[in-house]
Amino acid sequence: MINFKIDDGLFNFRVAGILIKDNKVLIHRLTSDDFYAFPGGRVEINESTENTIIREMEEELNLKVNVDRLLWVCEHFFTHKKEKYHEICFYYLIQSEDNSILQRGERFNLIEENREFEFKWVKLENLKNEVLYPTFIKDRIENLPTTIERVVDVEK
């Protein structure tokens, strides 16, 4: 995976999926964290970002997805657990014909590589009430871009 530590912090190359069903969007978090993000993961060497989100959704959720389109490319600067991060993340609108994920309930937990994740479906209009990063998506989730947008997001 493309993730490395340097003297001043960590660099991540990540991909995340925006999965919307029944006017709700899927978010997740490590159960040890106090904030949510969109499901996805780190890009592997020689792997396209589209293939990354397809792989990650299958690995994490056992869910086959199709990529609709790229929404945002975000340079995200933040601090987590006293470590500075510089993250490049591609946010894709994804779809799935498989509705079994809805049968797991509004909230469900999964374990991946000895880490427990909580997944949660949130109504689009209620996303602004969640502690979610990056924050810019809260304001844009109900009006998704029709062309790719580049965003620089600096968490304070």
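The local environment of NZ in Lys84 is sparse, with at most 12 non-hydrogen atoms from other residues, nucleotides or ligands closer than 6.0 Å. No more than 12 heavy atoms of other residues, nucleotides or ligands shown are found within 6.0 angstrom of CG on Asn143.
Considering only heavy atoms from C-beta on, Glu118 stays 4.5 Å or farther from Asp33 through its side chain. Contact check for Val131 versus Asp34: no side-chain heavy atoms found under the 4.5 Å cut-off.
Note that CG of Leu63 is 10.5 Å distant from CD of Glu97, once rounded to the nearest 0.5 Å. In this structure, the separation between CD on Glu116 and CG on Leu110 is 9.0 Å, given to the nearest 0.5 Å. To the nearest 0.5 Å, atom CG of residue Leu26 and atom NZ of residue Lys120 are 11.0 Å apart.
Here the shortest heavy-atom pairing between Val65 and Ile94 reads CG1-CD1, 4.2 Å. When all heavy atoms are compared, the tightest approach of His28 to Gly40 is CE1-N, 4.4 Å.
Judged by distance alone, the side chain of Lys21 and the main-chain N or O of Ser96 form a donor-acceptor pair under 3.5 Å. Asp98 places a side-chain N or O within donor-acceptor distance of the main-chain N or O of Ser100, the cut-off being under 3.5 Å. Arg14 contributes no side-chain N or O that, together with a main-chain N or O of Asn3, makes up a donor-acceptor pair within less than 3.5 Å.
In this structure, Ile27 is not a member of the same hydrophobic cluster as Met57, with clusters built from ILVMFWY side-chain heavy atoms closer than 4.5 Å. Tyr36 and Val25 fall within the same hydrophobic cluster, where Ile, Leu, Val, Met, Phe, Trp and Tyr residues are linked whenever their side-chain heavy atoms come under 4.5 Å apart, directly or through other members. One hydrophobic cluster, built from ILVMFWY side chains closer than 4.5 Å, cannot hold both Phe119 and Val122; they sit in different ones.
Between His86 and Phe77, the ring planes lie tilted relative to each other; the angle falls in the 30° to 60° range.
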Which side-chain N or O atoms in residues 133-142 pair as donor and acceptor under 3.5 Å with protein atoms at least two apart or in another chain?
| from | atom 1 | to | atom 2 | distance (Å) |
| --- | --- | --- | --- | --- |
| Lys138 | NZ | Glu130 | O | 2.5 |
| Arg140 | NH1 | Glu149 | OE1 | 2.9 |

Output a table of donor-acceptor pairs, distance under 3.5 Å, between side-chain atoms of residues 44-54 and any protein atom two or more places apart or on a different chain; print 'none' if there are none.
| from | atom 1 | to | atom 2 | distance (Å) |
| --- | --- | --- | --- | --- |
| Glu44 | OE1 | Met1 | N | 3.1 |
| Glu47 | OE1 | Glu44 | N | 3.0 |
| Glu47 | OE1 | Thr52 | OG1 | 2.8 |
| Glu47 | OE1 | Arg55 | NH2 | 2.9 |
| Glu47 | OE2 | Arg55 | NE | 2.7 |
| Ser48 | OG | Asn51 | N | 3.1 |
| Ser48 | OG | Asn51 | ND2 | 3.3 |
| Thr49 | OG1 | Tyr92 | OH | 2.6 |
| Thr52 | OG1 | Ser48 | O | 2.9 |

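The distance between the ring centers of Phe78 and His80 does not fall below 6.0 angstrom.
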